[in-house]
Amino acid sequence: MSDDPVTFLSDDESWKLLSGVALGRLVTCIAGEPEIFPVNYVVQDRTVLFRTAEGTKLFLAVTNSPVAFEADDHDAAEGWSVIVKGRAQVLRTDADVQKAEQAGLRPWIATLKLHYVRIIPTEITGRHFMFGPEPDRAETFA
C-alpha cells in the first residue's frame, strides 16, 4: 500500500480483502426505492455467496436483478472498501448447491436460510484509505 490517502486496488487485491471478512451489505433498488441488507457471506471463485430465507433478497435473486455488494474494514490507521456490482442469482441445480455447501457458509442467526444466492460480478472496485488529519486548506489551495 502507498502513503497516498486513497489508493485504488487491483482486482486481485480487492478479492483478497473481500475474502478476509464475513459481513457485507447487499444493495439494490425495489420499486424505485433503494434497499440495503446486511448479509454474512463468503467469496467463492470470485463471486459473492450468501444464504437467505424467503423474502426480498430471494425475490431479487429469482428475478436476476442488478445489485451492488459492499464490504469494508478498518483499524485506527487505515481502512478499505470493496464494491462488487453484478447480478444476483439463486442457485437451483444440485451441482451448484453442492458446490456452495462446500464453502462452509452458515447463518449467523437462528433462522432457516434455505436458499443460496450468488452474485455474479460484472465489476469490482476497491479502495484503501490512510487515515490522518485534514490538510491545511490554506496550503492546499494556495
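Quick note: residue numbers are just sequence positions, from 1.
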Identify the heavy atoms of Pro66 and Thr28 that sit nearest to each other, and give their distance. O-OG1, 3.4 Å

Trp15 and side-chain contact (heavy atoms from CB on, under 4.5 Å): which partner among Val82, Val43, Thr47, Leu9? Val43

Cut-off 3.5 Å, side chains only: do Glu54 and His115 have a donor facing an acceptor? yes

In terms of side-chain geometry, is the basic nitrogen of Arg118 or Asp96 positioned less than 4.0 Å from the acidic oxygen of its partner? no

Go through Phe69 and Phe50 one step at a time and tell me if the ring-ring contact (aromatic ring centres under 6.0 Å, His included) criterion holds. CA-CA 11 Å; Phe69 180 85; Phe50 65 92; 7.4 Å; no

Counting neighbours of CG on Asp94 that are heavy atoms of other residues, nucleotides or ligands and sit closer than 6.0 Å, is the number greater than 12? no

Tell me the closest heavy-atom pair linking Arg127 and Phe8, and the distance in Å. NE-CE2, 3.0 Å

Hydrophobic cluster mates of Leu112, side-chain heavy atoms under 4.5 angstrom, ILVMFWY only, any path? Leu114

Would a distance-only check, ignoring hydrogens and angles, find a side-chain to backbone donor-acceptor pair under 3.5 Å from Glu33 to Ile30? no

Which heavy atom of Gln44 sits nearest to which heavy atom of Ala103, and what is that distance? NE2-CB, 3.7 Å

Between CD1 of Ile83 and OG1 of Thr125, what distance do you get to the nearest 0.5 Å? 4.5 Å

Heavy-atom nearest pair, Ala71 first then Gly24, reads CB-CA, 4.2 Å

Distance-only, no hydrogens or angles: does the Asp73 side chain make a donor-acceptor pair with backbone N or O of Gly79 under 3.5 Å? no

Asp4 (side chain) donor-acceptor with Thr7 (main chain) under 3.5 angstrom: no

Taking all heavy atoms of Leu105 and all of Tyr116, pick out the closest pair and write down the distance. O-OH, 4.4 Å

4.5 Å side-chain heavy-atom contact, Lys113 and Arg106: no

Side-chain heavy-atom pair Arg25, Asp72 within 4.5 angstrom cut-off: yes

Looking at Asp11 and Arg46, does any basic side-chain N land under 4.0 Å from a carboxylate oxygen? no

Specify the closest pair of heavy atoms between Ala22 and Trp108, including all atoms of both residues, with the distance to one decimal. CB-CZ2, 3.7 Å

